[in-house]
Amino acid sequence: MSAKTIAIACDHGGIEMKELLVKDLAALGWSVLDLGTDGPDSVDYPDFAVKLAEALKGGKAERGVLLCGTGIGISIAANRFEHVRAALVHDAFGARMCRQHNDANVLVMGGRTTGPEVARDCLKIFIETEFEGGRHARRVSKLSGDGQA
Ligand code: RB5
């Protein structure tokens, strides 16, 4: 059975966190599609949100991780795509709830706002937690315009 694929991308504010999380994702058995950025040079976070959204849309990855300095800009950019449910998470509770209730397909964190061990914990929870469905499925369907009156 082939490993599931997760795409990861960041700007210069998330580069150290990306390097850390790529290793954890591989250890968790995921195939990692690393979309950059790859160095410390200043880049524009929307460009990397677009790359990741395209990878999800094209079926190259089932889930995603996005990182910038705060996680704010890159989550705003990612959520402009209808097929993306990007959750900016700061703790384990948020990581669990964004899967159980929101069926988030992209985890977003801030490389300058979240410590490395908290980020690793959030990633593991995001990966391992299932969507609860039920009443949450109705609400999630309304996020993309389906089921609206
Ligand atoms: C880049 O300096 C910074 O603005 C970016 O990483 C992010 O925090 C934006 O929301």
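What you see is a predicted model, and the numbers here were worked out from it, not measured in a lab. For ligands, and for the atoms within them, numbers begin at 1 and follow the listed sequence.
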Val108 and Leu67: CA distance, side-chain angles, deciding distance, side chain to side chain contact (heavy atoms under 4.5 Å, CB included) verdict: CA-CA 6 Å; Val108 188; Leu67 313 165; over 6 Å; no
Are [X] and [Y] within salt-bridge range, i.e. N to O under 4.0 Å?
| X | Y | value |
| --- | --- | --- |
| Glu117 | Arg120 | yes |
| Glu128 | Lys124 | yes |
| Asp103 | Arg99 | yes |
| Asp11 | Lys18 | no |

Could you say whether the N/O atoms of Gly73 and ligand 1 ever approach to under 3.5 Å? yes
Look only at interatomic distance and state if Gly69 has a nitrogen or oxygen under 3.5 Å from any nitrogen or oxygen of ligand 1. yes
Can you list the atoms of ligand 1 that are under 4.0 Å from a heavy atom of [X]?
| X | result |
| --- | --- |
| His12 | 1 (C), 2 (O) |
| Asp11 | 1 (C), 5 (C), 6 (O) |
| Cys68 | 6 (O), 7 (C), 8 (O), 9 (C), 10 (O) |

[atom]: the protein heavy-atom neighbour that sits closest, reported with distance to 0.1 Å:
| atom | result |
| --- | --- |
| atom 9 (C) of ligand 1 | Tyr45 CE2, 3.5 Å |
| atom 3 (C) of ligand 1 | Arg112 NH1, 4.0 Å |
| atom 8 (O) of ligand 1 | Thr70 N, 3.0 Å |

Would you say Glu62's side chain and Thr5's backbone share a donor-acceptor pair under 3.5 angstrom? yes
